[in-house]
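Working notes, beginning with the structure itself.
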Amino acid sequence: MIAILGTGKMGEALLAGVLRAGRRPSELMVTARREERAAVLRERYGVESVANTEAAAKASVLVLAVKPQDMGTLLAEIGPHVSSGTLVVSMAAGITTSFISERLPADVPVIRVMSNTPVLVDEAMSVISAGAHAGEAHLALAEELLRPVGKVTRLPESLQDAATALSGSGPAYFYYLVEAMVDAGILLGMPRAAALELVIQSAVGAAVMLRDSGEHPVLLREAVTSPGGTTIAAIRELEKHGVRAAVLEAIEAARDRGRELAGG
């Protein structure tokens, strides 16, 4: 039995993905803070909604999908009901496996997950890290749960803050760039809707080429950059304004902020 505790947008996306992957609604249960939310999940997916304590007592896999600031309260509530054979999978940003383990019975395996918002369209990038008591079988089970909603990779927990800065926050960087490019199109006299369509399709096409071609991004960029052409003129301006350095510093700042938040 798999229980998703705190089934908000991310938790619901995972629930839907697991069901699409072939698990039966009877194999899952959910918890929600508000009864009206629980009713929506029951009606939409046919799963049972229960209290946190009941989920902790019954499930063999607990997915903790609450907000980071609510994690301590949740663990205090469910801790007495979790057995040593239960796998705990945390999707809360910045919460370490040791923080969770210290609030649960001894030897409970914990897996930490960093995912991102494309989980809502089955294109997530999920990074998983094993806690002190989690082994290969636990990592494999976590991968099985997450693959229906995107790609999964393993990294040491020491790199989770970096993964959060690069991939967890990553979609926002691309949206920011798209926003700027659309504004540029408007500056050049193009209607907003047309500019947005052009930029979105360019972004999708570039992403698919990056994923499927196997080519290094430098080679793909060079293929568009003709001698004396329009692209090199644009890139010269990007370099002149230090865009590459700004990206490096921005992602480093996101990593540092993640560490601050994790440290309370």
Side-chain angles (χ1 to χ4, degrees), residues 1-21 23 25-83 86-105 108-122 124 126-129 131 134 138 141-142 144-146 148-150 152 160 164 168 258 261-262 264:
M1 178 70 72
I2 300 167
I4 301 175
L5 280 62
T7 314
K9 287 185 177 180
M10 296 287 276
E12 182 179 357
L14 178 60
L15 170 65
V18 168
L19 289 170
R20 285 194 302 275
R23 291 191 181 268
S26 60
E27 298 178 77
L28 293 119
M29 58 177 64
V30 298
T31 78
R33 179 175 294 179
R34 295 176 291 107
E35 171 53 33
E36 53 266 36
R37 172 63 175 165
V40 167
L41 294 169
R42 287 195 300 269
E43 180 178 352
R44 189 173 292 167
Y45 300 103
V47 296
E48 183 181 8
S49 63
V50 298
N52 288 329
T53 52
E54 183 178 350
K58 289 184 176 180
S60 58
V61 179
L62 293 176
V63 179
L64 311 184
V66 297
K67 295 178 180 178
Q69 60 266 32
D70 296 329
M71 183 62 78
T73 300
L74 175 66
L75 292 171
E77 180 183 4
I78 68 173
H81 305 275
V82 177
S83 67
T86 303
L87 172 61
V88 174
V89 178
S90 170
M91 300 185 72
I95 301 296
T96 64
T97 57
S98 60
F99 178 94
I100 297 170
S101 294
E102 289 166 3
R103 291 159 176 79
L104 294 176
V108 170
V110 178
I111 299 289
R112 178 176 171 182
V113 177
M114 188 293 304
S115 197
N116 57 14
T117 54
V119 69
L120 300 171
V121 292
D122 294 347
S126 298
V127 177
I128 63 173
S129 302
H138 303 118
L141 180 52
E144 180 187 339
L145 290 174
L146 292 162
V149 294
V152 188
Q160 276 281 357
T164 299
L261 293 172

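In what follows, every heavy atom counts, from backbone to side chain, and hydrogens, waters and symmetry copies are set aside. Being a predicted model, the structure only gives us computed values, none of them experimental.
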- Task: Go through the steps for Ser98 and Ser101 under the test side chain to side chain donor-acceptor pair (under 3.5 Å), then give the verdict.
- Result: CA-CA 5 Å; Ser98 60; Ser101 294; over 6 Å; no
What are the two closest non-hydrogen atoms of [X] and [Y], and how far apart are they?
| X | Y | result |
| --- | --- | --- |
| Pro148 | Val18 | CB-N, 4.4 Å |
| Leu141 | Val61 | CD2-CG2, 3.6 Å |
| Ala124 | Asn116 | CA-OD1, 3.4 Å |

- Pairing residues for Glu35 by the side-chain hydrogen bond (donor to acceptor under 3.5 Å, both in side chains) criterion, not counting sequence neighbours: Arg42
- With sequence neighbours left out, what residues match Thr164 under side-chain hydrogen bond (donor to acceptor under 3.5 Å, both in side chains)? none
Would you give the length of the straight line joining atom [atom1] of [X] to atom [atom2] of [Y], rounded to the nearest 0.5 angstrom?
| X | Y | atom1 | atom2 | value |
| --- | --- | --- | --- | --- |
| Ser126 | Leu146 | OG | CG | 4.5 Å |
| Ser129 | Ile111 | OG | CD1 | 8.0 Å |
| Leu15 | Arg20 | CG | CZ | 9.5 Å |
| Ile128 | Ser115 | CD1 | OG | 11.0 Å |

- Query: What residues form a side chain to side chain contact (heavy atoms under 4.5 Å, CB included) with Glu12, not counting sequence neighbours?
  - Reply: Thr7, Arg37, Leu41, Arg44, Tyr45
- Note on the structure: Hits for salt bridge (charged side-chain N to carboxylate O under 4.0 Å, His left out) against Glu36, two or more places apart or cross-chain, chain-then-number order -> Arg34
- Can you name the residues that form a salt bridge (charged side-chain N to carboxylate O under 4.0 Å, His left out) with Lys58, not counting sequence neighbours? Glu54
In residues 62-81, what donor-acceptor pairs under 3.5 Å come from side-chain atoms, sequence neighbours left out?
| residue | atom | partner | partner atom | Å |
| --- | --- | --- | --- | --- |
| Asp70 | OD2 | Arg33 | NH2 | 3.0 |
| Glu77 | OE1 | Asn52 | ND2 | 3.2 |

- Sole candidate of Val113, Val127, Thr96 that passes side chain to side chain contact (heavy atoms under 4.5 Å, CB included) when paired with Gln160: Val127
